[in-house]
Q: 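Can you read through this structure? Questions will come right after.
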Amino acid sequence: MQKVTLGLLVFLAGFPVLDANDLEDKNSPFYYDWHSLQVGGLICAGVLCAMGIIIVMSAKCKCKFGQKSG
């Protein structure tokens, strides 16, 4: 009985997938070009990482923590 119930549950859970014929509706307001979004994010992260390394390695950014302003 458990196998029949499990089989029916799996069938009913997968049934909407059989009906969906167009998974990428490009006219939908929630459609995103994920590849371009990932590439843009990686480029932005790379640029920010490089800028951080350059700032840390340069001698122009000197942080003075022990001094009090008077």
Q: Test: ring pair (Phe, Tyr, Trp, His ring centres under 6.0 Å). Region: residues 33-57. Which pairs qualify, not counting sequence neighbours?
A: Y32-W34
Q: Only pairs at least two apart or in different chains count here, so list each side-chain hydrogen bond (donor to acceptor under 3.5 Å, both in side chains) that has a residue in residues 36-50.
A: D33-S36
Q: So, using side-chain contact (heavy atoms from CB on, under 4.5 Å) as the criterion, who are the partners of L42 when residues are at least two apart?
A: none
